[in-house]
Amino acid sequence: MTPPPPDGPPDRRPGGRTARIRTQVLDAVRAELGEHGYEGLTMEAVAARAGVHRATVYRRWQDVGGLLADVLDAAGEDDWAPPDTGSLRGDLTALNEEIQESLVVQPSIPQALMAASFRSARAADAQQRLWEDRYTRCEAVVERAVGRGELPPHTDARRLLIAATAPIYHQLVLLRAAPDPRLAAQAATTADLAAAAGAFARPAPGDEG
């Protein structure tokens, strides 16, 4: 089923009406989600906070799942790039510190969106797209390390990145434990040492079996 067209003709000018409405509405979604969580997120509340007629919100986004999906898709439209400190361990530590900060700030919109993705299929699909985008961008960290001779040439970037960042999510999202200021560096160091020892090497051609 194709979604209904946006309200009025598309306005592709930077700062045009369509872009302004989208910004207002998505800002309102983040604010409502941070204050009330998924259970308290309604189309009416978002429209009121955004100062947009609710018919416009329904017409363009259809439902709460559509709003959440667009918030997540919008996050993938930024120009974020992973840290470049000059070393793999430094890059992974800085990346973990960014992740930790985003998860402990109150309200944590990333945490709220992750929770909402378990309740909305559209949000879950958008969440997966965002994860794929972020991991793809972060592959530059591994590529730089290979270029500097810190890692074997056939290191599996995705496996390394997951190993380096997973402890942050496990501690803060799954266990809901207090943030540990040492964890970002510890997790980065563990992944760095394992990667340098070839723990994340891809099989050589012909060795897959």
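In this chain, numbering begins with 1 at the start of the sequence shown.
A donor-acceptor contact shorter than 3.5 Å links the side chain of Thr136 to the backbone of Glu132. A donor-acceptor pair under 3.5 Å is absent between the side-chain atoms of Ser120 and the main chain of Ala116, judged by distance alone. With Ser117 contributing its side chain and Met114 its backbone, the two residues share a donor-acceptor pair below 3.5 Å. Between the Gln111 side chain and the Leu103 main chain, a donor and an acceptor come within less than 3.5 Å of each other.
With values rounded to the nearest 0.5 angstrom, Leu41 atom CG is found 11.0 Å from Glu35 atom CD.
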Candidate pair Leu183 and Asn96, rule side-chain contact (heavy atoms from CB on, under 4.5 Å), full reasoning: CA-CA 8 Å; Leu183 183 58; Asn96 279 348; over 6 Å; no
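With respect to Arg129 and Asp125, no salt bridge is recorded, no charged nitrogen being found less than 4.0 Å from a carboxylate O. Arg182 and Asp180 are joined by a salt bridge, as a carboxylate oxygen and a charged side-chain nitrogen come within less than 4.0 angstrom of each other. Between Arg119 and Glu39 there is a salt bridge, with a side-chain nitrogen of the basic residue lying less than 4.0 Å from a carboxylate oxygen of the acidic one. By the 4.0 Å N-to-carboxylate-O rule, Glu98 lies too far from Arg134 to be salt-bridged with it. Using a cutoff of 4.0 Å between basic side-chain nitrogens and carboxylate oxygens, Arg30 and Asp27 are scored as salt-bridged.
Contact record, Arg49 with Ala31: NH1-CB, 3.4 Å, taken as the closest heavy-atom pair.
Dense packing is recorded around CD of Glu139, with more than 12 heavy atoms of other residues, nucleotides or ligands lying under 6.0 Å away. The neighbour count for Arg159 CZ, taken as heavy atoms of other residues, nucleotides or ligands under 6.0 Å away, is above 12. Environment of NE2 in His36: crowded, with over 12 heavy atoms of neighbouring residues, nucleotides or ligands closer than 6.0 Å.
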